[in-house]
Amino acid sequence: MTIRPSDTALLDWNGDTLAVGLFENAVELTGDLATLNDKCAGIIQEIIAEEEFTGKINSTVAIRLGTGHPVKKLILIGLGKAEGLKLDTLRRAAATVARTAKKQKTKTLAISLPVYENDLAATAQVIAEGTELALYQDNRFKSEPEDKNPNIETIDLLGLAGQEAAITRAAQIVSGVILARQLVAAPANAVTPITMAETAQAIAQEHGLELKILEKEDCEKLGMGAYLGVAQASDLPPKFVHLTYKPSTTPKRKLAIIGKGLTFDCGGLNIKGAGSGIEMMKIDMGGGAATLGAAKAIGQLKPDVEVHFISAVTENMISGRAMHPGDILTASNGKTIEVNNTDAEGRLTLADALVYAEKLEVDAMVDLATLTGACVVALGDDIAGLFTPDDDVASQLQTASEVAGEKLWRMPMEEKYFEGMKSGIADMKNTGPRYGGSITASLFLKQFVKDTPWAHLDIAGPVWADKESGCNGAGATGFGVRTLVNWVLS
């Protein structure tokens, strides 16, 4: 599929399907669309009335214009109220158009949407992102694709001539999102700690990043007892991944992105029971997947920022070597942890990863993790929890997420809740009381950060979608990649 900017006027374009955006309660046809309606004997306005199309956000109506017209079909896409227009409105509208056009067996498509705040580049980028993400299909594990419709071959972005660079930038970011989707969607027998390390190696080789893989022995020397306590039950070796992007000039700042990398989580000896969703625990490396996806995108975008991408990758399994409930682990900063629940393992791996990242003397760091079901209870499937004691980092991430179209909500870090995590025989336990579980998890992580501005993103909800929505199909979403990229570029 080729996406290309075009200076062709709406009335001059010819091909299979033309898509035009209309604002809510402003669907009286004007300009070129009114002229096209006249050429079609009023059929466009007639269908709008029949279908009661009001321009409600992401609503659509498809019209066959009949023979003798340079355009076979017209898709009208609702944009909601004009005063509520955002970049993500255009991204989602483009995604809806792309899916609708594919169902209409379109091969050539033109999209005409309004320009956001006179920013042609940003408009072209989000439209390209929306179409590419919506049309992506993961058929790696199927003998035959279920969708028999032909693929769209070309998409012309009308009114956006000269925005080739923006479309290229969109493709680079989308490549990172798709990598994250592929990693999260793949089963645990396909994505293992070994293959995660191999994926990092491929990114390093293809895009010129530095790579360090710490093996078990290396982690032992660094005293990573929390991470290795989780890893010790698995027959597969742990792989501590550290990718580094360095710009060709002096970096304006140094950042670290740390992703939870549990390629499968059975819960350990506190095994997940029936109805726990254990069969979906391949997604427990969603933070690590977003980290590698962001590395792939940043390696192509080449900003003047140094970025460290880190993931302590392992499985949480059961064997005679497994850590027991009640064991005490010592993290690499010397703090001791009483393991009162082996299914609260992600925070143990992140503890050592955060200590490692802070030693790099970065200006700020963010971790992402499918950490708690409690965050899903609080915020649902679409919104990630943002935990940070630093207002500047919070503001940066909230701005980055808004541009990305990935929802974050800042959650409290109530220090007194840490009282419930104190241990009588160690510095802390790895879980607290039942209530406020996502807060106590973030407070646990905070014990492994000294002075560096830091934020934790709990992405347990939005990393997976049960049904098609926005730019995402059902399944892995690649959540976090676009927000991370925007944060680095800001």
Side-chain angles (χ1 to χ4, degrees), residues 1-85 89-116 120 123-124 126-128 130-131 134-135 147-161 163 468:
M1 182 181 71
T2 301
I3 301 175
R4 56 195 186 192
S6 175
D7 59 0
T8 303
L10 186 149
L11 289 173
D12 295 332
W13 188 83
N14 63 81
D16 292 337
T17 303
L18 171 66
V20 180
L22 292 176
F23 288 112
E24 189 170 355
N25 299 321
V27 294
E28 288 297 324
L29 304 183
T30 59
D32 287 347
L33 201 54
T35 303
L36 182 60
N37 181 60
D38 292 340
K39 289 183 177 181
C40 300
I43 189 174
I44 300 174
Q45 194 70 66
E46 182 180 328
I47 294 294
I48 288 174
E50 282 184 6
E51 298 290 334
E52 298 181 347
F53 178 77
T54 62
K56 184 178 178 180
I57 196 162
N58 276 341
S59 61
T60 60
V61 60
I63 305 165
R64 180 175 286 279
L65 298 182
T67 58
H69 295 283
V71 176
K72 296 178 183 177
K73 296 178 182 178
L74 175 70
I75 296 173
L76 301 179
I77 174 73
L79 301 175
K81 299 185 184 303
E83 59 272 22
L85 182 68
T89 307
L90 300 178
R91 186 187 284 112
R92 288 171 176 262
T96 300
V97 163
R99 289 195 190 100
T100 304
K102 192 171 190 301
K103 289 176 183 176
Q104 297 283 332
K105 302 186 185 305
T106 295
K107 289 189 176 181
T108 57
L109 170 67
I111 299 176
S112 177
L113 294 176
V115 174
Y116 178 76
L120 293 173
T123 301
V126 297
I127 294 174
T131 54
L135 294 174
D147 185 358
K148 305 298 183 182
N149 290 326
N151 292 323
I152 298 175
E153 295 175 357
T154 61
I155 300 177
D156 291 324
L157 307 188
L158 303 186
L160 295 171
Q163 298 306 317
E468 184 179 278

Looking at [atom1] of [X] and [atom2] of [Y], how far apart are the two atoms once the value is rounded to the nearest 0.5 Å?
X	Y	atom1	atom2	result
L76	I44	CG	CD1	7.0 Å
I127	Q163	CD1	CD	10.5 Å
T89	K81	OG1	NZ	13.0 Å
I47	R64	CD1	CZ	12.0 Å
K56	E24	NZ	CD	7.5 Å
S59	E51	OG	CD	10.5 Å

Below 4.5 Å, heavy atoms only, C-beta onward: do [X] and [Y] meet side chain to side chain?
X	Y	value
V115	L160	yes
L109	V97	yes
V71	L36	no

Which atom pair, heavy atoms only, marks the closest approach of [X] to [Y]?
X	Y	answer
Y116	L90	CB-CD1, 4.0 Å
P5	A161	CB-CA, 4.0 Å
I152	A101	CD1-CB, 4.0 Å
A128	I3	O-CD1, 4.0 Å
N149	K103	ND2-CA, 3.8 Å
I43	N37	N-OD1, 3.6 Å

Tell me, with the steps shown, if N151 and K102 meet side chain to side chain contact (heavy atoms under 4.5 Å, CB included).
CA-CA 7 Å; N151 292 323; K102 192 171 190 301; 3.4 Å; yes
Taking Q104's backbone N and O only, do any of them form a donor-acceptor pair with K73's side chain (distance below 3.5 Å, no angle check)?
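Confirmed, K73 side chain pairs with Q104 backbone.
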So, does T100 use its side chain to make a donor-acceptor pair with the main chain of T96 at under 3.5 Å?
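Confirmed, T100 side chain pairs with T96 backbone.
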Side chain to side chain contact (heavy atoms under 4.5 Å, CB included) between L135 and M1, worked out
CA-CA 10 Å; L135 294 174; M1 182 181 71; 3.3 Å; yes
Would one find more than 12 heavy atoms of other residues, nucleotides or ligands at under 6.0 Å from atom CD of E50?
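Result for CD/E50: enclosed.
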Only pairs under 3.5 Å count here: list side-chain donor-acceptor contacts from residues 6-23, not counting sequence neighbours, and write none if there are none.
| from | atom 1 | to | atom 2 | distance (Å) |
| --- | --- | --- | --- | --- |
| S6 | OG | T8 | N | 3.0 |
| S6 | OG | T8 | OG1 | 3.1 |
| W13 | NE1 | D156 | OD2 | 2.8 |
| D16 | OD2 | K107 | N | 2.9 |
| D16 | OD2 | T108 | N | 3.2 |
| T17 | OG1 | T106 | OG1 | 2.6 |

Name the residue from I57, L113, N58 that meets the side chain to side chain contact (heavy atoms under 4.5 Å, CB included) definition with L79.
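The single option meeting the side chain to side chain contact (heavy atoms under 4.5 Å, CB included) with L79 is L113.
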